[in-house]
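A short worksheet on the structure shown next.
Residue numbering restarts at 1 for every chain, and letters A, B, ... go by the order of the sequence lines.
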2 protein chains.
Amino acid sequence: MTESRAISAIERPLTTVDVVIFTVRGGQLQVLLVQRPDGPGEPFPGAWALPGGFVDVRLDDSLEDCARRKLLDKTGVSSPYLEQLGSWGGKSRDPRGWSATHAYFALLPFESVQLKPEDGKTGKTAQWHPVNALPPGQPLAFDHAEILQTALERLRSKVEYTSLPAFLLPEPFTLPQLQKMYEIVLGRPVDKSGFRTRALAAGFLVESGAMEVGSPRPAMGYRLKDRGAAVYFPRTFSPRSS
Amino acid sequence: MTESRAISAIERPLTTVDVVIFTVRGGQLQVLLVQRPDGPGEPFPGAWALPGGFVDVRLDDSLEDCARRKLLDKTGVSSPYLEQLGSWGGKSRDPRGWSATHAYFALLPFESVQLKPEDGKTGKTAQWHPVNALPPGQPLAFDHAEILQTALERLRSKVEYTSLPAFLLPEPFTLPQLQKMYEIVLGRPVDKSGFRTRALAAGFLVESGAMEVGSPRPAMGYRLKDRGAAVYFPRTFSPRSS
DNA sequence: CGAATAGTGTCTTTCAGACATTATGCC
DNA sequence: GGCATAATGTCTGAAAGACACTATTCG
């Protein structure tokens, strides 16, 4: 049994955290990617990858702390929507050895991001890429394509029945703007009337006064009642509320 | 940057896998727990814990392999429903150092389990415990209470709109038996008519001939069309199918 | 025949989808 | 007034919840 061996004798896998950071820019869902460094011994040199890296047992009190640190480092955003996605681990995903990564996914408004023009030391650059138009002919490093795919599926699935897209907008926002976020993520139009009814009934919005938004008629502005958590819309198999 | 340090110099967290194994026995949802060993340096000696342990980089090709190995070891079951639950990691969850665990949850029919009467070497015993009546006054080891809680929430939530409870039954089973599984997990009665309609419409069942089941009238037996995956019932915000 | 369980039918309410209509502000 | 967008109203069909009813087997 593993437990009966001395702790120090146990061979420990490499432990990393990767973050799938989504935003919407120019009407498209985009993901933040960084380029792998070129140094000796570096795996996948020059390839695009999800931002992430080793857990630093001195800096990070927890996995989520680690994810937040990497997110802050790359985007300057300190409190986006952040959710654990899952973990991927095995002997062959990293040429340097048995490794396990803890993947998170984050949503943030494009306007809140301050990308560093260039990461001085390593020359690595972070860039937004439309999820439907990743750099062609250049597969992502490690198993990051699979992780990104899972993140996309999770996002699209949850958008069907949660308030997640609200975290893609700066506050305050209007209902038509929010509807657009849903449409962009889902990749299909959403009926206005039904959308409004459901969004308002879900009770995650608070009015914050009318907004000028560049269109003829001003619209009501809204804020999230609780930026800390997403709201789930009612599901099936549940007893009717009222 | 962590990446610029030599790989060998990076302090690696302990890496474990834990499995929350559910079954239904005696009309109750139960979870399999093991007792922590008593040896020197062992954390939480004697406490109940989720089955799990260190990843063995020699034995395990992947995290899921590791979970399956532990599951087979404890229950003798080789292909239950198995799903990743999430990961928990931090500096203080294990007194032996910074550690990260990858948690899985499994569903299996009670009848398929062969618990070893006792694990010879360590004297550890595995036992079923009703989730509503864990050993009183004895908190679970590590953060396993939190992991179990998360597993329960995930299970109860998914039961609302998936075929998960079917994995708690040996095949073939009848619709009334399946309905009972839903009711046990959800903790409330479910309407027979509606249940039958939805379950059959979801299309994850295949008829397999009538069964004697100890009740006056025989019932139709069913098997799962695909034991490899759960089926999701239709959700909201989606275009009508027909 | 009665008891017990399996399985079906019916009614009603809710609600999402589709689409039409009204409201408001700017040119 | 005309236009563009915001917001609301109306109709319909699908489906879930509730509950009544029929069917089959055993004693």
What residues 163-175 of chain A contributes to the DNA chain C interface at heavy-atom separation below 4.0 Å is none
Residue set satisfying salt bridge (charged side-chain N to carboxylate O under 4.0 Å, His left out) with D65(A), at least two apart, ordered chain then number -> none
Salt bridge (charged side-chain N to carboxylate O under 4.0 Å, His left out) filter on D226(B), not counting sequence neighbours, yields none
Suppose we screen for side-chain hydrogen bond (donor to acceptor under 3.5 Å, both in side chains). Which residues come up paired with [X], at least two apart in sequence or across chains?
X: R217(A); answer: none
X: R227(B); answer: E171(B)
X: Y222(B); answer: none

Write down the distance between [atom1] ([X]) and [atom2] ([N]), rounded to a whole number of angstrom.
X: Q179(A); N: dA18(C); atom1: CD; atom2: C1'; value: 14 Å
X: F195(A); N: dA6(D); atom1: CZ; atom2: P; value: 12 Å
X: R188(B); N: dA16(D); atom1: CZ; atom2: P; value: 14 Å
X: D191(B); N: dT8(C); atom1: CG; atom2: C1'; value: 12 Å
X: L178(A); N: dT5(D); atom1: CG; atom2: C1'; value: 17 Å
X: R196(A); N: dT21(C); atom1: CZ; atom2: P; value: 19 Å
X: L186(A); N: dA16(C); atom1: CG; atom2: P; value: 15 Å
X: R198(A); N: dA18(C); atom1: CZ; atom2: P; value: 13 Å

What about S193(B), does its side chain sit under 3.5 Å from the base of dG9(C) through a donor-acceptor pair? yes
What residues 200-225 of chain B contributes to the DNA chain D interface at heavy-atom separation below 4.0 Å is P216(B), R217(B), P218(B)
In short, side chain to side chain donor-acceptor pair (under 3.5 Å) pairs touching residues 18-32 of chain B with sequence neighbours left out are D18(B)-T101(B), D18(B)-H144(B), R25(B)-Q30(B)
Sorted by chain and number, sequence neighbours left out, ring-ring contact (aromatic ring centres under 6.0 Å, His included) with F167(A) holds for Y81(A)
Exercise. Before accepting this row, confirm whether a basic side-chain N of the pair R188(B)/E160(B) lies closer than 4.0 Å to the acidic partner's carboxylate O.
Key: yes
Closest to the side chain of K192(A), out of dA6(D), dA16(C), dG7(C), is dA6(D)
